[in-house]
Protein chains: 2
Amino acid sequence: MFSKACEYGIRATLYIAEQSLNQRRVNIREIAKAIDSPEAFTAKIMQQLVKSQIVHSVKGPLGGFEMLRSGSHDIKLYQIVKAIDGDNIYKGCGLGLKECNEEHPCPVHFKFLNIREELREMLETTSITELAKDLDKGIAFLKQ
Amino acid sequence: MFSKACEYGIRATLYIAEQSLNQRRVNIREIAKAIDSPEAFTAKIMQQLVKSQIVHSVKGPLGGFEMLRSGSHDIKLYQIVKAIDGDNIYKGCGLGLKECNEEHPCPVHFKFLNIREELREMLETTSITELAKDLDKGIAFLKQ
DNA sequence: AATAAAAAAGATTTTTTTGTCTTAAATAAA
DNA sequence: TTTATTTAAGACAAAAAAATCTTTTTTATT
Ligand code: FES
Ligand code: FES
């Protein structure tokens with residue numbers, strides 16, 4: 001469904017969000033350990049997430065990653081997926097035609113419509129903070 | 001969502017199914033042209049589909065691919081996806097955890113549940129013949 | 001000012017996916 | 001029986017994705 005990069009990106013963001021609930025800044029080593037991902041690769045993905053302003057980073061000793069939530073500013077799952085994988089999941093044709101077009105539909109177009117719409121809706125409405133709270137409560141997990 | 005191989009596989013199968021409605025056997029050159037896919041790569045995918053008994057092939061002059069539908073035998077979208085991409089889309093964890101487990105859920109597990117269930121349901125119930133008929137009627141297309 | 005710890009940037013490697021090419025096997029028709 | 005046409009099989013190549021390594025930049029602490 002998502003690329004490995006996107007999976008790690010979501011998991012990393014969720015871990016940072018969870019730690020930020022308690023004002024904890026975390027470094028890449030800790031993140032990779034917490035989400036069981038390759039450290040250097042995860043670091044690369046973090047660069048994208050910082051550029052996309054999904055997480056905030058601080059260099060130097062005591063530095064690391066954090067999420068500054070200024071009240072209204074609430075990141076949605078959608079933004080991470082879009083930043084890393086682009087919006088092909090909702091916009092692209094399920095059978096790989098050059099464009100998904102209502103007027104020139106592929107055979108599964110109308111079968112996929114609902115599902116893709118629900119997926120988009122879910123990603124657009126699910127907030128990172130909401131999910132991070134489940135982690136904090138210990139009812140959801142970021143690794144096996 | 002699906003791999004390129006799977007997308008080509010579905011499109012190729014649908015084209016064969018459409019032509020089989022009129023008892024036409026088609027060769028790989030014609031298939032690749034009809035679905036706008038790389039011929040040699042598509043040929044490789046056809047080998048998988050033949051091995052999985054989704055389509056039938058005949059060698060030699062006048063040979064090609066066809067679908068023998070013996071009444072009850074009705075291929076579902078699901079079977080093609082499973083043969084090429086495996087069943088990770090329904091069974092695997094959306095965030096890439098080693099296994100998707102109700103008792104040890106990732107933060108998006110219950111958000112994904114409905115969507116994945118609907119996707120599985122759709123793929124399991126949608127028949128190739130049904131889609132091929134839309135192609136035949138000219139209300140669906142396999143290339144731009 | 002020197003050191004150490006962290007992220008950023010960029011080059012490089014490995015693995016997987018996508019795609020091609022060549023040869024072999026099957027078979028219909030001349 | 002030879003030839004032509006087709007799929008099958010397997011080796012190979014290119015591109016993309018995943019992952020690593022090295023160097024640079026920033027910054028807190030000593
Ligand atoms: S045209 Fe294929 S999903 Fe819309
Ligand atoms: S555990 Fe992640 S989707 Fe079920």
Side-chain angles (χ1 to χ4, degrees), chain A residues 1-13 15-16 19 24-33 35-68 81 83-86 88-89 92 95-96, chain B residues 1-13 15-16 19 24-33 35-68 81 83-86 88-89 92 95-96:
Chain A
M1 177 141 267
F2 305 128
S3 67
K4 276 285 158 201
C6 192
E7 290 175 356
Y8 296 148
I10 294 172
R11 276 151 63 191
T13 304
Y15 182 69
I16 295 164
Q19 297 306 310
R24 272 198 77 224
R25 198 181 275 167
V26 287
N27 67 33
I28 192 62
R29 192 157 358 103
E30 179 179 339
I31 295 171
K33 195 164 284 182
I35 70 173
D36 192 20
S37 70
E39 185 177 321
F41 187 39
T42 309
K44 277 285 150 198
I45 298 160
M46 292 316 301
Q47 291 180 17
Q48 287 182 70
L49 294 176
V50 169
K51 274 194 192 145
S52 313
Q53 304 193 299
I54 287 162
V55 301
H56 181 244
S57 74
V58 177
K59 283 184 179 180
L62 305 190
F65 299 90
E66 66 196 346
M67 291 190 84
L68 321 157
V81 174
I84 299 177
D85 279 353
N88 210 52
I89 315 180
L95 292 190
Chain B
M1 176 139 267
F2 304 127
S3 68
K4 276 285 158 202
C6 192
E7 289 176 356
Y8 295 148
I10 294 171
R11 276 152 62 192
T13 305
Y15 182 68
I16 295 163
Q19 297 307 309
R24 272 199 76 223
R25 197 181 275 167
V26 288
N27 66 33
I28 192 62
R29 193 158 356 107
E30 180 179 339
I31 295 171
K33 195 163 284 182
I35 71 174
D36 192 21
S37 70
E39 186 177 320
F41 187 41
T42 309
K44 278 283 150 200
I45 298 160
M46 292 317 300
Q47 291 179 18
Q48 287 183 69
L49 295 176
V50 169
K51 273 193 192 146
S52 313
Q53 303 193 299
I54 287 162
V55 301
H56 182 245
S57 74
V58 178
K59 284 183 178 179
L62 304 191
F65 298 91
E66 65 196 345
M67 292 190 85
L68 322 157
V81 174
I84 299 177
D85 279 352
N88 211 52
I89 314 181
L95 292 191

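Letters A, B, ... are given to chains in the order of the sequence lines, protein chains preceding strands, and every chain is numbered from 1.
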Consider the side chain of [X], meaning its heavy atoms from C-beta on, and name the nucleotide among [options] that approaches it most closely.
X     : options                : answer
A:I28 : C:dT20, C:dT27, C:dA7  : C:dA7
A:V50 : C:dA8, C:dT20, D:dA18  : C:dA8
B:N27 : C:dT27, D:dT20, D:dT7  : D:dT7
B:F41 : C:dT20, D:dT6, D:dT26  : C:dT20
B:F65 : C:dA28, D:dA8, C:dA8   : D:dA8
A:P61 : C:dT18, C:dA28, D:dA28 : D:dA28

For atom [atom1] of [X] and atom [atom2] of [N], their distance in whole Å:
X     : N      : atom1 : atom2 : result
A:H56 : D:dT27 : NE2   : P     : 10 Å
B:E30 : D:dT6  : CD    : C1'   : 13 Å
A:K59 : C:dA7  : NZ    : C1'   : 6 Å
B:R25 : D:dT7  : CZ    : C1'   : 12 Å

Which distance, rounded to the nearest 0.5 Å, do you find between the [atom1] of [X] and the [atom2] of [Y]?
X     : Y     : atom1 : atom2 : result
A:R11 : A:I31 : CZ    : CD1   : 12.5 Å
B:Y8  : B:D36 : OH    : CG    : 8.0 Å
A:S57 : A:K51 : OG    : NZ    : 11.0 Å

Closer to the 5' end of DNA chain C via nearest nucleotide, is it A:K44 or A:G60?
-> A:G60
Assign each of A:S3 and B:V58 the nucleotide of DNA chain D bearing its closest heavy atom; nearer the 5' end lies the nucleotide of B:V58
B:R29 near the nucleic acid: base, sugar-phosphate alone, or nothing, with a heavy-atom cut-off under 4.0 Å?
-> sugar-phosphate
A:K4/A:E7 ion pair, N-O < 4.0 Å | yes
For D:dA18, does OP1 or OP2 lie under 4.0 Å from any side-chain N or O of A:Y8?
-> no
So does A:S57 get a side-chain nitrogen or oxygen closer than 4.0 Å to the phosphate oxygens (OP1/OP2) of C:dA6?
-> no
For the side chain of B:Q47 and the base of D:dA9, is some donor closer than 3.5 Å to an acceptor across the two?
-> yes
